[in-house]
Structure formats: C-alpha cells, structure tokens
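Computed from a predicted model, the values in this text were never measured in an experiment. First the proteins, then the strands, lettered A, B, ... as listed; each starts at 1.
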Amino acid sequence: MDVLAELNPAQREAAEAIGGPVLILAGPGSGKTRVIAHRVAYLITVCRISPHRIMAVTFTNKAAREMEERLHRLIGGVVGDLTIGTFHAICARILRRDGKAIGIDPRFVIYDEEDQLSLLKRGIQEVGLDPKQYVPRAIASAITAAKSRTLTPQDYIQHTRSYFEEVAGRVYERYQQLLAESNALDFDDLLMKTVQLFRNSPETLSKYQSRYLHILVDEFQDTNLVQYELIKQLGGERHNICVVGDPDQSIYSWRFADLRNILSFEKDYPEAKLVLLEQNYRSTKLILETASHVISANQLRKPKELWTNNEQGELTNVVETYTEQEEAQFVVSEVERLVEQGKARLGDCAVMYRTNAQSRALEEAFIRYGTPYKLVAGTRFYERREVKDIIAYLRVIQNPHDSVSLLRIINVPGRGIGQRSLSELSGWAKSLGISQYEALQLITEPKEGEERQHPFTPRLVKALTSFVSLMEEFTTRSQELNLLDLFDLVIKRTGYKEYILSGKDDEERWDNILELRTVAREYRDLKPPEGLAAFLEGVTLVSDVDGLDETVDAATLVTLHQAKGLEFPMVFIVGMEEGILPHFKSFAEPEQMEEERRLCYVGITRAKQRVYLIHAFRRSLMGSSTANRPSRFLEDIPQHLIASGGLWQWEDSQVMPSIYSRDKAPAPRVASSELKAGDHVRHAQFGDGVVVSCQPAKDDKEVVVAFTSGVGVKKLLLSFAKLEKVE
DNA sequence: CGAAAGGCTCTTTTT
DNA sequence: GAGCCTTTCG
C-alpha cells in the first residue's frame, strides 16, 4: 500500500523528503498534520525506520492521540513505541529517566500555574517583599521569560536592566531554591532542565541523539527558544528535523514563542528543504478570501497565496446585537435554526471568543434554550479545589517534600491546624534548614537524642501527629495498593467525602471527585508506584482541548487560542469589538496588535462553510457596562464579502434584516409570543405595567415587567403569569 | 481556630 | 462579578 497515495504533489514532496532538514510552511487547512502523519508512516513502512527511533512533537495531547490513530489507520497495525507528545510531556519523561545526571530526583512533582503562584508568593515574602506590591503573576512572567532563554537566576541577575528585573531576579533565585526543596519542577523547568541536562551531560545527549533518527515538530511557529534549542540538540549532526508551521497562525508570543525560530531554522540549516502548502481543503472560497483580507493588513509578514478548489460558498455574516446576552441569544437561536433546517448538526457549530470570561453569557443562553453544548475548560476540571485537594494528597504520598501540596492539605479536612501554627511551622523548619515534612517528623516522632526544642502546644502536636501518621500509612500502603485502591483509601481515611458533603455545592463537588476517580481507574492496572506517578503526570500535563469529545453531538465553546488546529462547518466569533478582539492590552504595541489579528485569522480559517462575526453594542466588563466600537478587523473585510450589516433585535420583527432575509424569524424551542420590551401589559393581581424584557427560559419565557401600581419590577414566567396585552 | 461577612482588586490568551 | 484577603465574632 502506498502511504502517500492520498497526498497532493506538494504534500507528497514534504512527506518523502527524507534525510536532512525540512521546513514546511503550511496555510490553514492545507493538511499539515496530515503530512506529518503520512511522513511518519512513510518513514516506518518505506524507509524501514523503527518507530522507536522517531520523535513527533505536537502542540496538545489530543493532537498526539489523533496522530497516533491516524498512523494506526495508515499503517494498519500497531505503531510501536513511537515517541509522540507535547514538548512538556516528552521532557518530563526524559527527566524522570535521566534527570539524575543534573541532580533531579525522579520522583519530582510538576507544579502547575496555581502551585507556581503560591510558591512565588512565598518566595516574594521570604526575600522581604510585599506580594501586593510585586504581583506574583508579573514575576512569574519574568521568570518564564528567563527560562525560555535558559537563563538561570544567576544569569538573569547579571542581565537586569530595571529595578523590577532586579526584584524579579532575587525572587527567581529564592523560587528555584523552594522548588528544589520541594523536589518540584514547574512547566518551564521541564523544558529548560532538559536543555541543561543535554548541555551538562554529553553522554545523556548522545544517548538520545543516537536513538532519534528523525524528529518532527508540529505548530513550529509557536515554539520558543528553549524548544528550538532542544530540537537542535536532539537533531545533532544528523539534522533530520522536519518542522511544520504557519507564521500567520502564531498566537503564543506572550508565552515567549518566537517567530524568529523559523528564520533561525533557515539560517542554522541552510541546506533545509522548503515546502509550501498553499492549497486549502477546508474552507469555501469566500471564507478564504475573507480571511486573507484580515491577515493581509499585517505589516510584519510575508504574503502568501492560498487557494482552494472548494465551492464559492456563502458571504460572511456580520451581526450587531445590543448586549452580550443578546449576542448569546442570537448565537443559540441561530444554531437551533441551522439544526432545524437541517443545515448543520449541533456538533458542526462552534462559538469562539477571546477571553474565557465571555463564555459565561453564552453558557447561560445555551442552558436557557436547553441546547446541548460542550465548553472546553469551564472552571477547568483539574483546577477545581476538591480535585486539587485529592491530587495534593497523592502528590505528598509520592513526594513528601512537595511543600505546596503539603500546606494545601495539612488542614483539609479541618484538623485544627490554623494559619498561625503553619507560619510558625514554616519559620521553625526554615530556621533548622529542613523541609516542612522533615520538621513535622521531628515534632511528631522525635528520635532518641534528637528531641528539639519547639514552640508548639501539646494540642497542636497531637493534631500534627495524627496527620503525619495518616500520611505515613498512605505512603506505606502505596507500595502495595493499586492506584484506585489508594485513591479510595485516601478518601476514606481522610473523611473527605463527609467533608465535601457538609459544605456548599456538595453534590457537584462530590461528582467531581467521582470523575477524578474514573480517571484514576485507568491507571489501576499499573504496578503500585508507577500507577501513582503516571497518574500525577497525566493530570498535570493535560491541556483543555484534550477533553474535547468529537463523538458528542453538541455545540462547541472555545477560546480562539484553543481553536487552533480545530475545524467546524459553522463558526461564530463573538465579541468582535475594540477592546475585546483586539484586546485592549494589545493596543500599545504594534506587534501585539498583529497577534490579535492573527488570532482573528485563526478563528475565521477554522470554518468550513459559514462564518458569523458578532459584536455587541455594549457589554459588561469587570462589573460595569461599556460601549465598544466594532472591531477594526471588521473594517478589513470588504463590503462585497459581507452578507449585509445587520442589527439583530430579539423578535422585534418577523423578518430579520441581513441573514434572515431568506428565512423566517428564529424559531427557538419555546413558544413564540408577541410580547417585547416596551409593550404595555395588565396582570390580574399586579395591575398595569411595562415589559422591560422578554427572554426565553427553559420551555417558557421569562418576562420582566415594571408595574406602575407600586409592586415594582417583577420577573414572571409567561405561561403562569397570564399577562394581557393592552394597547 | 474557623466560619462568615465585607472589602479589595483585577482580569488575555495556556503547556 | 469573582476570587482573594482581612476583619470580626463565636
């Protein structure tokens, strides 16, 4: 079987250019992921390269999974132990195996952003500064910047150019010490330490260099300098590196992704073969044209010609609504209408937005209509308090030095160990130069001749003792229990269930625990210590889109960033306003403004058939309501590509302007009514009033009426209220 | 010590 | 509008 049979000439060229570096510049929808998959299949089946000697780096775990499935289909069998995953996941694996060479304990835990911030706060305090004055987030960003250039604290301090950087440098230094004491690495460390490992341990590097004959990197435009360095190291003398990317879709510069990597690649590998993929298989001609107009307004880019054989398609719909609630209503009613008319399935529709906060209004509307939707990362599952609590227990079992997790759970459920005691404990541990857990052991199980003077009351010592013995029980049992049993043991012995069920939102929270348990079940068959380790790594390195299930027929709600790499027949981009998209934080820097434009471009190019660009006249931001002008990106789209500018008004008239011209008014699931804002009504009990608003509620309508009789404003359900319309 | 209440400040995007 | 912090009271 010819694994390249389905490819067009350019794709084929990219897939079979084996031996030496290859740079593939690929427009949206040009099949770049496909090219990677076919290239790997070609390497394995035609070039007879063992999968063991191939590394493919993807942007998300989901992309990795899909790549594997694709390969599976292509090769028609087991793929073998191909190395495939995100940079972070691959680096974590390398460090567990070989990090010892630079002093990394293989049981290290990975700190996510929340853990990082909490440790940073401690660091800021410990160097004698006020976390209110020096926001942990800002310092975190400075540290990420440093780590993305492989700068150690010492390197960084030498380069400081401002007082802020001076401060950041001091915190960075302390922060790294705290991480080391906790035997923890943050996300950036995974990359940086791997590069350091390869720099400092030539034997380790050459081991990996000789293993990996071929390296492939997807979404190359969103790699940063450390990642670049990493593939350069692994590529060694062989230069068998194939990178695929699209500069126009670079949207992670704030994470210090650097487009210059593409230029560096051409410079570092002058023999690199360049392949352009310009044929788009995804979108209609009109969508592609619209997208091109938007992206062409960027100054700092190389023009490229995308084309498609797809049909002409439809014009882009630009819609204005009054508020974000109306915007959401428009989206949902339009989705419903598309489904009713048989033009799309729910799963064909995606709503995209710039900021996570925008999902709220959308979600509310979807719930009101009873329309199924899937939200990619609401309050992200693994960031829920109860989920993190349990994970923290498991982490401390694996690695008792993990101070962030330890402090998180030491008094959860409550054991009478309060803030005061904890800061005293920290102080005491620090004065002795030992970790918190060691301090705990010293207090609760003093060894002969090692009794220390400590400032804690007998009552507290008792509480601490019961905590420590609980944890030691867990640690001991963790050697023999599989992960699922360990999980249940933790829940049972900590009384976590009772703790949750006595609090607020108890059912939802408990459900989350059960869901986490379902995840744990998948690790049940691994041997005791490995099961725990694999689980902890899995839950830390998940990305939001990883949970996206294509088999569920429901509308998808995603941020524009998450939308990268996805495609949908119907795309709604909401919040097309100055200050939202482009986001106001990007107004100052032209480079950032260009990135916003790329983000918009990414959104539009996700669409196969139809695009809606929606903006609201006013929306509430940070509590208060502001009026925003339509996005400048809308102005980049010539009029002849737009279906016709439309104001959308809820049931204001039977025939809607613009997009409704051909069809009748939206038909939500609820019964239609003649009531609208401004109508005068009479209620049997409350008397006369004026309708303030009329919105669909589940199977009914929610009418807000301001009564003149003195009862004030009432919210009524239409079916119950028996309102009478008066002229 | 811990629950409850009030006050404060930010909000981009994420592996 | 929410999450975090501080204050207050039992």
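- Under 4.0 angstrom from either OP1 or OP2 of B/dT15 there lies no side-chain N or O belonging to A/Asn224.
- A search for side-chain hydrogen bond (donor to acceptor under 3.5 Å, both in side chains) contacts involving A/Ser405 returns A/Arg395, A/Asp402, not counting sequence neighbours.
- Aromatic ring orientation, A/Tyr523 versus A/Phe535: perpendicular (interplanar angle above 60°, classes split at 30° and 60°).
- No cation-pi contact links A/Arg629 to A/Phe584, judged by a cut-off of 6.0 Å to the six-membered ring centre and 45° from its axis.
- Across the protein-nucleic acid pair, A/Ile417 atom CD1 and B/dG2 atom P stand 8 Å apart, rounded to whole Å.
- When distances run from any side-chain atom of A/Tyr252 to the nucleotides B/dT14, C/dG1, B/dT15, the shortest one goes to B/dT14.
- Distance, A/Tyr134 OH to B/dC10 C1': 19 Å, rounded to whole Å.
- With both ends at atom C1', the span from C/dC4 to B/dT13 equals 22 Å, rounded to whole Å.
- Atom NZ in A/Lys132 sits about 13 Å away from atom C1' in B/dC10, given to the nearest Å.
- By the 5.5 angstrom centroid cut-off and the 30-degree plane limit, A/Trp254 is classified as stacked against the base of B/dT13.
- Nearest nucleotide to the A/Asn356 side chain, out of C/dA2, C/dT6, B/dT13: B/dT13.
- Atom NZ in A/Lys147 sits about 18 Å away from atom P in B/dT15, given to the nearest Å.
- Side-chain N/O atoms of A/Arg459 include none lying less than 4.0 angstrom from OP1 or OP2 on B/dC1.
- Look at A/Ser421 and you'll find a side-chain N or O under 4.0 angstrom from OP1 or OP2 of B/dC1.
- A sub-4.0 Å separation between OP1 or OP2 of B/dC1 and a side-chain N or O of A/Asn411 is absent.
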Inset, instruction - Determine, stepwise, if the pair A/Lys388 / A/Glu383 fulfils salt bridge (charged side-chain N to carboxylate O under 4.0 Å, His left out). - result: CA-CA 6 Å; A/Lys388 280 216 83 171; A/Glu383 286 168 21; over 6 Å; no

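- By the side-chain hydrogen bond (donor to acceptor under 3.5 Å, both in side chains) test, A/Thr223 pairs with A/Asn261, sequence neighbours left out.
- For A/Tyr175 and A/Tyr172, the ring centers sit 6.0 Å or farther from each other.
- Heavy-atom distances to DNA chain B give each of A/Asp188 and A/Gly416 a nearest nucleotide, and the one nearer the 5′ end belongs to A/Gly416.
- The distance between atom CZ of A/Arg415 and atom P of B/dA3, rounded to the nearest whole Å, is 14 Å.
- Phosphate proximity of B/dT13 to A/Gln562: absent, as no side-chain N or O sits under 4.0 Å from OP1 or OP2.
- At the heavy-atom level, A/Glu595 lies nowhere under 4.0 Å from the strands shown.
- Residue A/Gln592 is the one, among A/Leu541 and A/Gln592, whose nearest nucleotide of DNA chain B lies closer to the 5' end (criterion: closest heavy atom).
- Each of B/dT14, C/dG1, C/dC5 was ranked by its minimum atom distance to the side chain of A/Thr559; first place goes to B/dT14.
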Inset, instruction - Report the secondary structure of DNA chain B in dot-bracket form, marking unpaired bases with a dot and bases paired to a different strand with |, and treating Watson-Crick or G-U pairs with both distances under 3.5 Å as paired. - result: ||||||||||.....

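- Following rounding to the nearest Å, A/Met192 (CE) and B/dT15 (C1') show an atom-to-atom distance of 17 Å.
- If you take CZ of A/Arg137 and C1' of B/dT13, they are 10 Å apart, rounded to a whole angstrom.
- Summarising the geometry, the separation between CG on A/Leu190 and P on B/dT14 is reported as 19 Å, rounded to the nearest angstrom.
- Classification of the A/Tyr252-A/His561 ring pair by plane angle, with boundaries at 30° and 60°, yields perpendicular.
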Legend entry - Residues A/Glu324, A/Arg360; criterion salt bridge (charged side-chain N to carboxylate O under 4.0 Å, His left out); working and verdict: CA-CA 10 Å; A/Glu324 77 264 32; A/Arg360 176 184 313 275; over 6 Å; no

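- Within 4.0 Å of A/Lys121, counting heavy atoms only, lie sugar-phosphate atoms of the nucleic acid but no base atom.
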